[in-house]
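Presented below is the structure to which this report refers.
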Amino acid sequence: MPDVVLVNGSIDATDLGITLMHEHLSVNLTPEYRATGLVNDVELMVEEIGLFKEAGGSTIVDVTPAELTSGASPDPGNWRSPETVSEMGYSSRTKSNVETIQRLAAESEINIVLGTGHYRDPYLASGWLDEHSADQIADHMVRDIEEGINGTSARAGIIGEIGADKWFVSAREERSFRAAARAQRKTGLALTTHAARWPVGIAQLDLLREEAVDLSRVIIGHCDSVPIPEYHEEIAKRGAFVQFDLIRGESERQIQRGVDSVVHMVRKGFLDQLLLSHDVCTLSQLKANGGCGYAFIPTIFVERLTLAGLSSEEIQTILVSNPRRALTGE
């Protein structure tokens, strides 16, 4: 079994354990969530991640894109800063963001996988993508994967999240997707997407297929924000992973809808293509502030899946085996 690259080294894939495939551990979403969108308190986050470990969790995949690791703003006049565009001359996670997550991994003793790539409109309006070709952007991402992110020792272990803001893939987003696809082909890493509110995951798969990406290496994110079973089934039929990553326990209705979606896909024969996560990205979603935190899935949600009739083997497949295959391609 191949190794998986972590923020502080690597690990044999068989040791990944319970894995959350779409989270954010240090993120700046203040342009959209002004009061609660800055998550950067290391001591608090060590406590939050510790709850996941206490619940049996082992690995967290942080898919925070470059645009959410500094004082990013959708306002093109304010977005671009020396911190965002690194000393190496390209847009990547900030060095301080990477170092924060390295510290989180060390102090929490949790495996953390980092992503590389670019988000979605309007966060892409800095002009940086306009100034570079898809091949150039891909080369920068490959550098993050093979050499280290922004001059640090931390290498990316997944590509994404690569986003589309609406029901279509915009011109800037298309360039970002094509770059990600080319980086994927060069490195073989999994590619994970942001496809919220609309069934835009199909258009994303079409684009990635044009770039000759093996769709079994693709994860379509936020599928539970589009409550259309046929959409989920179509993604799986094309060979990609269906990721329900907004499982936050915000209401009984939301919990039950998540359970129903998972059970439906399992009974339709797509057990091996399901991934789960919370997408924690604001202070209000942390356990300390009354949110779900990072332990909701391995505790309460697993209990609900069991009550709904899933076996322990099926749950183990979703939480352990599928993430391992998603990250390695094995």
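Everything numeric here is computed off the predicted structure, so don't read it as measured data.
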Specify the closest pair of heavy atoms between [X] and [Y], including all atoms of both residues, with the distance to one decimal.
X	Y	result
Ile235	Cys223	CD1-SG, 3.8 Å
Pro323	Leu319	CG-O, 3.4 Å
Ala181	Glu211	CB-CB, 3.5 Å
Ala236	Phe270	CB-CD2, 3.4 Å

Ion pair check, [X] and [Y], cut-off under 4.0 Å:
X	Y	value
Arg120	Glu32	yes
Arg267	Asp260	no
Glu210	Arg178	yes

Indicate yes or no for a side-chain donor-acceptor contact from [X] to the backbone of [Y] under 3.5 Å, with no hydrogens or angles considered.
X	Y	answer
Thr152	Gly148	no
Ser176	Glu174	no
Arg175	Leu129	yes
Thr36	Leu283	yes
Asp224	Asp245	yes
Arg182	Asp139	no
Arg248	Val280	no
His118	Leu124	no
Glu161	Thr193	no
Asn97	Ser26	yes

Quick one: does [X]'s side chain get under 4.5 Å of [Y]'s, heavy atoms only?
X	Y	value
Arg103	Asn8	no
Arg238	Arg209	yes
Leu246	His278	no
Gln102	Ser153	yes
Tyr123	Leu29	yes

Task: Residues Glu173, His194; criterion side chain to side chain donor-acceptor pair (under 3.5 Å); working and verdict - done: CA-CA 11 Å; Glu173 291 166 350; His194 169 105; over 6 Å; no
TODO: May I have all residue pairs that pass side-chain hydrogen bond (donor to acceptor under 3.5 Å, both in side chains) and include part of residues 291-307, sequence neighbours excluded?
DONE: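 Output for this query lists Glu252-Arg304, Gln256-Arg304.
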Open item on the list: Is there a path of hydrophobic side-chain contacts, each under 4.5 Å between heavy atoms, that joins Leu271 and Met21?
Closed with: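 In one cluster with Leu271: Met21, no.
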- [ ] Applying ring pair (Phe, Tyr, Trp, His ring centres under 6.0 Å) between Phe244 and each of His264, His232, His22, report the one that passes.
- [x]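 Among His264, His232, His22, the one meeting ring pair (Phe, Tyr, Trp, His ring centres under 6.0 Å) with Phe244 is His232.
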Open item on the list: Assess the residue pair Met45 and Leu286 against the criterion (side-chain contact (heavy atoms from CB on, under 4.5 Å)); give the C-alpha distance rounded to whole Å, side-chain angles, the decisive distance to 0.1 Å, and a yes or no.
Closed with: CA-CA 9 Å; Met45 293 306 293; Leu286 299 179; 4.0 Å; yes
Task: Given Asp144, Thr187, Thr64, the one that forms side-chain hydrogen bond (donor to acceptor under 3.5 Å, both in side chains) with Thr116 - done: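 It is Asp144, the one option of Asp144, Thr187, Thr64 that forms the side-chain hydrogen bond (donor to acceptor under 3.5 Å, both in side chains) with Thr116.
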Open item on the list: Measuring from atom CD1 of Ile158 to atom CD1 of Ile219, what distance do you get when rounded to the nearest 0.5 angstrom?
Closed with: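 Output value for this atom pair is 4.5 Å.
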- [ ] Calculate, to the nearest 0.5 Å, the distance between atoms CD1 and CZ belonging to Ile145 and Arg155 respectively.
- [x]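 Separation between the atoms: 9.5 Å.
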- [ ] For Ile18 and Val320, run side-chain contact (heavy atoms from CB on, under 4.5 Å): C-alpha distance rounded to whole Å, both residues' side-chain angles, the deciding distance at 0.1 Å, then the answer.
- [x] CA-CA 5 Å; Ile18 293 175; Val320 179; 3.9 Å; yes
Open item on the list: Tell me if the NZ atom of Lys268 is crowded by more than 12 foreign heavy atoms within 6.0 Å.
Closed with: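 Open.
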Open item on the list: Please determine whether side chain to side chain donor-acceptor pair (under 3.5 Å) holds for the pair Ser277 and Asp279, giving the CA-CA distance in whole Å, both sets of side-chain angles, and the decisive distance to 0.1 Å.
Closed with: CA-CA 6 Å; Ser277 213; Asp279 190 23; over 6 Å; no
